[in-house]
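Within every chain, numbering begins at 1; the chains are lettered A, B, ... in the order of the sequence lines, protein sequences first and strands thereafter. Given the structure is predicted, the values throughout are model-derived calculations rather than measurements.
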There are 2 protein chains.
Amino acid sequence: MQVLMGVGKAGLKREGKPDLLVVLLPQACNASFLFTNNHFKAGSVIYSQKVLEKSRVVRAIVINSGNANCGVGKEGIIHAELMAKRTAENLDIEEDQVLVFSTGVIGKPLPIDNVLKAIDDACNVLEPLDIKRASEVISTTDSFPKYTFVKTGLLEVYGFAKGAGMIHPNMATMLAFIFINADLDPFTLNQLHKEITERTFNSISVDGCTSTNDSFGIISLGVIKEDLEKVRQALHQVSLDLAKKIVEDGEGATRIIKVVVKNASLELKARTIAEKIALSNLVKTAVFGRDPNWGRILASAGSTAFPIDQFKLKLYIGNHLVYDGKPHLKAVQSAKRYMEENKEIEIVLDLMEGKESWTYYTSDLSYEYIKINAEYTT
Amino acid sequence: MQVLMGVGKAGLKREGKPDLLVVLLPQACNASFLFTNNHFKAGSVIYSQKVLEKSRVVRAIVINSGNANCGVGKEGIIHAELMAKRTAENLDIEEDQVLVFSTGVIGKPLPIDNVLKAIDDACNVLEPLDIKRASEVISTTDSFPKYTFVKTGLLEVYGFAKGAGMIHPNMATMLAFIFINADLDPFTLNQLHKEITERTFNSISVDGCTSTNDSFGIISLGVIKEDLEKVRQALHQVSLDLAKKIVEDGEGATRIIKVVVKNASLELKARTIAEKIALSNLVKTAVFGRDPNWGRILASAGSTAFPIDQFKLKLYIGNHLVYDGKPHLKAVQSAKRYMEENKEIEIVLDLMEGKESWTYYTSDLSYEYIKINAEYTT
């Protein structure tokens with residue numbers, strides 16, 4: 001009992017590489033999907049959300065890359081529906097158990113005939129799911145494929161993703177799909193999914209911009225019964241691993257920045273401050289310059305609605321205590337060497353007031369980011 | 001009856017330029033001051049806020065540039081108090097009618113003896129206020145002085161400011177001071193001040209970061225009685241002019257971006273969406289690349305909590321209608337030329353649903369921004 005996939009070419013990528021992926025599940029499976037909150041969304045997202053409103057059961061997914069099917073008027077929704085219909089016909093399954101995803105350039109109509117033809121081809125060459133290859137097919141400007149696998153005892157969780165910036169130069173989107181062999185009812189699956197997403201995909205940022213096509217799904221293959229805590233841990237691990245790969249592949253990134261806010265009085269406070277630091281262009285350019293600029297970090301930390309006590313908190317870069325009411329200049333010097341020598345830079349803000357913590361991942365902001373985003377033209 | 005100023009040197013700027021300014025008002029004046037909301041604030045801000053809690057009447061202000069008096073522990077507050085005390089002694093005025101401002105590097109203790117000596121010097125060389133010179137004295141990394149003057153009938157409003165980024169490479173701060181000859185009671189002045197600030201200084205951004213020292217004051221010199229609507233218009237004009245100069249001098253800026261969201265159902269909606277577009281790194285890099293990237297603009301507009309109708313709205317770049325449910329490729333081409341040829345780029349999003357509008361100013365995001373912010377080291 002296997003997950004199958006088929007690959008086709010619709011000519012959507014400039015280099016003529018495979019750009020269409022069909023994934024067929026062994027049977028109708030419980031699934032939970034989360035989509036972008038952006039109100040400017042792709043036709044494919046609008047369509048798949050409508051399908052999921054009726055039922056949380058999925059049999060197949062079809063994904064095209066190279067074209068976001070977004071900003072093209074209501075035609076985009078019709079095209080998504082045609083893709084689902086054609087997939088269902090080819091595989092002899094229910095049309096309303098097929099989800100549609102798109103990623104790529106915004107504002108160009110899908111060449112729907114080519115896409116439908118590629119669906120026919122893909123459905124004719126089904127083979128066991130290869131998560132590395134699947135990631136390659138759906139990738140756009142990604143510089144490496146993103147996939148991961150966890151096995152503990154009988155429990156197996158694997159997934160693949162694409163994304164290298166929340167909105168890449170018009171090559172919109174983060175897409176991530178995770179498969180788990182444990183049997184999870186729709187409600188439990190959805191609860192777990194939302195909880196895990198907050199601490200993983202919703203706690204990463206390359207440029208603070210949400211895309212028109214972002215989608216993240218978990219599919220329960222229903223093979224084994226497993227302890228819920230084990231399931232949670234394995235799903236968290238796979239989600240975090242995929243999320244971190246997207247940050248690592250962030251546009252122009254030379255460093256991963258891990259921002260930890262700890263000992264806050266409220267979880268929301270820890271999260272809000274961690275996010276504010278991670279989204280600060282000044283912090284991101286400082287890391288690119290290998291500059292342990294504690295002033296910028298604290299100014300970001302102080303700029304949310306939550307009060308911080310500048311005379312009590314402690315700030316570490318790596319394990320170097322750079323500030324605790326006053327700066328420590330020697331530690332700042334050693335922090336600079338730490339930033340030069342390490343690929344993942346940890347910033348830890350200890351608020352010294354409570355027990356809640358949050359971790360947020362981002363990348364640094366480099367000349368290459370400007371190059372990628374300014375020199376790409378529509 | 002004149003506003004006087006005195007200039008001194010405390011050796012806080014590398015080049016040894018004047019870095020201390022004392023402004024003496026002809027009498028105790030009604031004043032309204034707004035400060036950064038940042039919780040990581042300078043000792044000078046904490047001190048001045050405390051003074052203003054007791055009374056809204058100001059006789060003198062003292063400003064040092066080159067050192068933010070921030071991140072140095074509670075000593076920063078004591079130093080600010082010493083500055084006020086010394087100014088009051090020199091000028092024979094009330095200590096609690098003196099406000100203190102600082103701008104410059106974060107985390108270095110003020111060399112307080114030098115600063116006090118410079119205050120003595122400045123108080124000894126009082127001359128009529130020269131707003132250009134005043135701006136030069138308080139500037140740090142500004143590339144030009146920022147001052148403006150409006151006269152309509154008997155009404156005179158003038159001001160000076162500094163700032164080139166909400167937090168410049170540790171050279172923290174936007175400072176702005178406006179003087180108006182109209183007599184305004186404290187309550188009216190404060191109401192006007194808050195209202196005008198929202199549409200001017202609170203509607204500009206270079207990098208979305210608030211500083212530790214930001215301060216903006218309006219001082220009523222109490223000479224003439226004037227119609228409130230005229231006062232409002234003149235204050236708005238002077239505030240907007242100073243605010244736009246700060247954007248124009250934004251780090252690495254090559255274009256001013258004016259984002260107008262109009263015909264929204266709610267003012268807050270217009271404002272939130274305008275701000276989201278203006279803060280988007282993807283929009284800012286697109287403008288730097290002279291790329292009329294409507295997809296990024298709409299994706300930013302769609303990423304707030306307020307719904308937008310992608311099938312109804314209209315998007316203009318300059319007066320080129322680039323999107324109204326579908327993109328218009330010819331208009332996109334002419335918008336590109338418009339972006340190449342103009343210094344101020346207008347983005348107008350018409351939500352086609354109500355009557356509220358908001359305008360937000362920002363600058364583009366260039367290689368130079370990265371250079372300034374990454375290559376500066378602590």
Side-chain angles (χ1 to χ4, degrees), chain A residues 37-41 70-74 105-107 167 169-170 172 207-212 279-282 285-286 288-296 298-311 323 325-327 332 336 365-367 369-371 373-378, chain B residues 37-41 70-74 105-107 167 169-170 172 207-212 279-282 285-286 288-296 298-311 323 325-327 332 336 365-367 369-371 373-378:
Chain A
N37 287 322
N38 206 308
H39 299 287
F40 180 55
K41 16 174 124 9
C70 181
V72 292
K74 295 199 171 164
V105 179
I106 295 177
I167 314 178
N170 273 8
D207 51 25
C209 302
T210 56
S211 141
T212 54
L279 293 184
S280 161
N281 279 353
L282 289 168
T285 45
F288 175 59
R290 317 300 180 233
D291 173 16
N293 199 316
W294 56 270
R296 291 188 195 171
L298 293 180
S300 298
S303 67
T304 80
F306 292 102
I308 58 171
D309 186 342
Q310 60 170 299
F311 303 114
Y323 182 95
K326 287 195 177 189
V332 170
K336 187 168 177 58
L365 180 56
S366 68
Y367 293 112
Y369 178 89
I370 306 290
K371 188 181 164 76
N373 285 297
E375 296 189 3
Y376 174 93
T377 47
T378 11
Chain B
N37 288 322
N38 206 306
H39 299 287
F40 180 56
K41 27 176 106 90
C70 180
V72 292
K74 295 201 171 162
V105 179
I106 295 177
I167 315 178
N170 272 10
D207 51 25
C209 302
T210 55
S211 140
T212 53
L279 293 186
S280 161
N281 279 353
L282 289 169
T285 46
F288 175 59
R290 318 299 182 233
D291 173 15
N293 198 316
W294 56 270
R296 290 187 195 171
L298 293 180
S300 298
S303 66
T304 80
F306 292 101
I308 59 170
D309 186 343
Q310 60 171 300
F311 303 115
Y323 183 94
K326 287 195 176 189
V332 169
K336 186 166 177 59
L365 180 56
S366 68
Y367 294 111
Y369 178 89
I370 306 291
K371 188 180 165 77
N373 285 295
E375 296 189 4
Y376 174 94
T377 48
T378 12

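Residue with the most contacts toward chain B among A:S366, A:G325, A:P307, A:A305: A:P307 (heavy-atom pairs, distance under 4.5 Å). Most heavy-atom pairs under 4.5 Å with chain A: of the set B:G107, B:G302, B:S280, this distinction falls to B:G302. Of the listed residues (B:T285, B:N37, B:T304, B:V72), the one with the most heavy-atom contacts under 4.5 Å to chain A is B:T285.
Contact annotation for A:Y367: both backbone and side-chain heavy atoms come within less than 4.5 Å of a heavy atom of chain B. For a residue to count as touching a neighbouring chain, one of its non-hydrogen atoms must lie under 4.5 Å from one of that chain's; by this rule A:Y323 touches chain B with the side chain only. Looking at A:A301, there are no atoms closer than 4.5 Å to chain B (heavy atoms on both sides), in backbone or side chain.
Between the CG atom in B:N281 and the CG atom in A:N281 there is a gap of 4.0 Å [rounded to 0.5 Å]. From B:L365, atom CG reaches atom OH of A:Y369 across 7.0 Å, with rounding to the nearest 0.5 Å.
Side chain of B:H39 to main chain of A:Q310: no donor-acceptor pair is present (N/O by atom type, distance under 3.5 Å, no hydrogens or angles).
Closest approach of A:G71 to B:P327, counting heavy atoms only: O-CD, 3.2 Å. Between B:F40 and A:A299, the shortest heavy-atom distance links the atoms CD2-N, 3.6 Å. Residues A:N38 and B:L298 share a closest heavy-atom pair of OD1-O, 4.4 Å.
Considering only residues two or more places apart in sequence or on other chains, B:A286 meets the side-chain contact (heavy atoms from CB on, under 4.5 Å) condition with B:D291, B:N293, B:R296.
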